[in-house]
Participant: 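Have a look at this one before I ask anything.
Remember, predicted model here, so these are calculated numbers, not experimental data. Atoms within a ligand are numbered from 1 in the order they appear, just like the ligands themselves.
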Amino acid sequence: MATTDDFRTAVSLEELRDRGRTQVSVDGTPLALFHHEGEVRAVDNRCPHMGFPLSEGTVDDGVLTCHWHHARFELACGDTFDPWADDVQTYPVEVRDGEVYVDPNPERERPPAEHWASRLEAGLEENLGLVLAKATIGLLEAGVDYREPTATILDFGTDYRDSGWGPGLTILGCLANVTDDLAPEDRKRALYTAARRVASDCAGEPPNFDQPSLSTREVPFDRLKRWFRDCVEVRDADGAERCLRTAVAADRSEDELAELVFAAATDHPYLSSGHVLDFANTAFESLEHAGPEHADDALAALVEPLVTADRSDERSSWRRPVNLVALLEDVYGGDVTETEGLEALVAEGEGSNWSAPEGFRETLLDDDPGAIVDALADAVREGATSEALASEVVHAAATRVARFGTANEFSDWNTVHHTFTYANAVHGATRRTDAVEPYRGVFDAAISVYLDRFLNTPPAPISEPGANDTGREPGDVLEDLLETFDVEGEVNEAGRLVGEFLDCGGDPEELKRTLGHALLREDAGFHAIQNYEAAVRQFDLADERPDGEHAGSVDRAFRRRVPLIATARYAAAHFPTRREAEQTFTIAARLNRGEAIHEG
Ligand code: FES
């Protein structure tokens with residue numbers, strides 16, 4: 001029965017007193033009502049953990065205990081004793097003339113955006129997957145721009161992980177980069193994935209205590225850069241952090257900050273299988289989403305990975321049977337940390353317009369490291385920008401993934417993956433700074449492509465544009481593609497379907513959305529997420545490259561399809577997973593929508 005105010009009749013007091021509890025639906029809201037210690041209490045009947053009916057719980061000494069996973073709630077206010085379960089919503093009650101009245105739509109103390117922002121912080125602090133799922137879904141559904149929670153997660157990840165930038169923050173940056181490429185529901189999955197991975201990275205870790213910037217703001221940039229590189233070289237984290245924070249505090253430009261970081265990140269080749277430079281690139285990209293005011297802590301978080309990095313010039317595979325490091329040092333200026341040789345080549349090429357010569361692409365994928373280094377050095381001498389060269393090398397690296405032979409050891413998927421994402425990060429670095437140091441990243445990536453050559457034996461085929469036009473409806477091809485991720489081992493079929501979709505006139509944006517959905521419904525690992533982001537980035541950047549008018553340059557259509565084929569094959573090799581995160585996400589979405597999960 002409706003009343004003149006917001007309260008609605010729910011049950012007679014006598015009936016409730018006799019039964020002790022009851023379950024009612026008031027204006028569509030499922031409620032559990034309790035008569036306990038002489039008081040009437042009303043809570044949402046769906047346990048905030050996973051929806052079990054709380055009317056079937058136990059009430060004792062003012063505490064309501066859910067019978068499913070035994071989460072406990074203070075009955076009067078709904079706050080939980082078990083943060084993993086989240087607080088339960090309570091509702092105002094009144095007793096009038098022997099009838100219990102409930103207000104099913106009480107005014108909330110805080111607007112939804114504020115409420116969910118606070119739950120996001122709680123979820124990060126306690127590493128609570130379900131709370132994070134509800135908070136990220138709630139925030140985006142409340143109309144909050146993804147940049148706000150992205151900044152919150154970024155701050156949390158840099159504050160509470162002494163070991164600095166890691167996979168969680170990289171996932172955050174990667175998924176922020178592809179937000180526009182995803183379907184609206186998958187944007188929520190992306191934010192949830194990033195939040196739970198950052199929270200997981202920080203759980204149990206000591207927090208980070210900042211080293212302050214130097215008091216002076218007068219240090220010339222070149223000197224600061226030299227100090228920073230020297231500190232990183234001797235693995236002095238404190239000194240390096242003070243230099244880096246000083247550069248930020250002195251309002252050095254984004255170009256200069258990039259020059260500083262990428263110089264140190266390329267002073268030794270292929271640091272930690274490429275992860276360090278990839279972290280650095282993602283940190284700069286994250287600032288584009290979260291805002292430059294986060295630069296101080298975000299960039300300082302790179303110091304630990306830089307000073308603890310594994311240096312590939314110390315690996316035997318870079319020394320024997322061919323001394324690859326020596327080949328690089330000849331070009332760089334006698335040592336891997338030098339740039340004089342490169343500077344001379346750049347000076348020679350000044351004013352020239354480089355275009356890839358005949359056979360350039362083949363040389364990058366061939367098995368002669370001397371020829372590869374010579375081809376790159378000649379290109380610099382002829383005026384090739386670091387960005388143009390990086391673009392060619394990242395295409396070669398994507399080709400290695402697209403052609404990865406499935407007879408190889410499974411773990412070697414990550415060998416070609418690391419080279420691809422490293423080359424993609426180098427490409428990103430070259431787009432941020434014209435400094436000479438990132439050229440070294442291009443050469444190092446090309447050497448890594450060379451080292452991966454046996455993983456393309458025999459090479460998986462990549463169809464040429466137009467070769468796979470079956471005339472089918474592109475939508476049907478996409479459905480088949482999604483199905484390949486439901487079963488193991490459909491690696492080559494996934495690659496073929498990408499080619500078929502494009503050849504049948506399918507919209508690449510739909511393909512990106514579908515691949516993004518395939519990724520985010522899985523318990524996708526750090527690498528799968530990186531791989532997808534790099535592929536999407538390279539697809540988009542292909543438009544900026546020459547369209548085959550130069551003898552050695554790659555046809556644009558081919559340049560675009562290779563990374564998407566590569567990432568579809570990589571995904572097919574790693575999917576399906578158990579999809580546990582998706583289960584949590586689905587429950588959270590249904591709870592947020594007010595749906596009953598389990599009928600009592
Ligand atoms: S504790 Fe209630 S559903 Fe898990």
Side-chain angles (χ1 to χ4, degrees), residues 10-11 16 19-26 28-37 39-93 102 104 106 108 112 115-116 118-139 141 188-189 192-193 195-196 199-200 203 521 523 578-600:
V11 66
L16 183 61
R19 295 172 58 184
R21 86 269 312 280
T22 192
Q23 167 198 335
V24 294
S25 176
V26 178
T29 303
L31 298 173
L33 299 183
F34 297 93
H35 192 276
H36 180 62
E37 296 175 340
E39 300 287 342
V40 175
R41 306 291 184 195
V43 302
D44 189 331
N45 193 35
R46 298 158 311 144
C47 176
H49 180 227
M50 292 183 78
F52 190 78
L54 287 173
S55 57
E56 296 181 23
T58 295
V59 177
D60 181 41
D61 197 22
V63 176
L64 166 62
T65 303
C66 176
H67 277 203
W68 204 350
H69 308 94
H70 309 125
R72 296 155 303 160
F73 307 93
E74 201 285 332
L75 186 59
C77 68
D79 290 354
T80 186
F81 294 86
D82 301 291
W84 46 265
D86 213 350
D87 299 333
V88 68
Q89 180 67 57
T90 57
Y91 295 85
V93 295
V102 182
R108 299 299 172 205
H115 168 75
W116 291 122
S118 134
R119 297 310 295 155
L120 175 63
E121 289 186 9
L124 289 167
E125 286 165 12
E126 303 281 342
N127 188 22
L128 304 171
L130 185 68
V131 174
L132 289 170
K134 288 199 272 187
T136 47
I137 293 168
L139 282 165
E141 286 184 349
K188 297 173 197 165
R189 287 187 174 86
Y192 159 57
T193 300
R196 90 186 149 78
S200 165
R521 69 180 178 171
D523 299 324
R578 293 178 65 86
R579 300 181 184 170
E580 285 179 49
E582 177 65 9
Q583 171 89 350
T584 304
F585 179 86
T586 303
I587 290 168
R590 293 183 65 188
L591 287 169
N592 278 19
R593 281 198 297 268
E595 291 176 17
I597 310 272
H598 301 279
E599 301 302 337

Participant: Please could you name the atoms of ligand 1 that Phe52 approaches to less than 4.0 Å, counting only its heavy atoms?
Facilitator: 3 (S)

Participant: Give the atom numbers and elements of ligand 1 that come within less than 4.0 Å of a heavy atom of Ala71.
Facilitator: 1 (S)

Participant: Yes or no on side chain to side chain contact (heavy atoms under 4.5 Å, CB included) for Glu126 and Val131, after CA distance, side-chain angles and deciding distance?
Facilitator: CA-CA 9 Å; Glu126 303 281 342; Val131 174; over 6 Å; no

Participant: Taking just the N, O or S atoms of His49, which one is nearest to atom 4 (Fe) of ligand 1?
Facilitator: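 Distance check against atom 4 (Fe) of ligand 1 picks out ND1 in His49.
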
Participant: Look at the N, O or S atoms of His67, main chain and side chain alike, and state whether any lies under 2.8 Å from atom 2 (Fe) of ligand 1.
Facilitator: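 Here the distance criterion (N, O or S atom, under 2.8 Å) is not met by His67, so no.
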
Participant: Look at Glu582 together with Arg189 and state whether they make a salt bridge at an N to O cut-off of under 4.0 Å.
Facilitator: yes

Participant: Salt bridge check: are Glu141 and Lys188 linked by an N-O gap of less than 4.0 Å?
Facilitator: yes

Participant: Go through it in stages, so that I can follow the logic: the residues are Leu33 and Val24, the test is side chain to side chain contact (heavy atoms under 4.5 Å, CB included), and I'd like the CA-CA distance, side-chain angles, deciding distance and then a yes or no.
Facilitator: CA-CA 8 Å; Leu33 299 183; Val24 294; 4.0 Å; yes

Participant: Output the list of atoms in ligand 1 that are nearer than 4.0 Å to some heavy atom of Cys66, sorted by atom number.
Facilitator: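 Near Cys66, the atoms of ligand 1 are 1 (S), 2 (Fe), 3 (S).
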
Participant: Is atom 2 (Fe) of ligand 1 less than 2.8 Å from an N/O/S atom of Cys47, whether that atom is in the backbone or a side chain?
Facilitator: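 Yes.
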
Participant: Which protein non-hydrogen atom lies closest to atom 4 (Fe) of ligand 1, naming both residue and atom, and how far is it?
Facilitator: His69 ND1, 2.0 Å

Participant: Taking everything shown except Arg578 itself, do over 12 heavy atoms lie less than 6.0 Å from its CZ?
Facilitator: no

Participant: At their closest point, which heavy atom of Asn127 faces which heavy atom of Ser200, and how far apart are they?
Facilitator: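 Smallest heavy-atom distance, with atoms named: OD1-N, 3.5 Å.
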
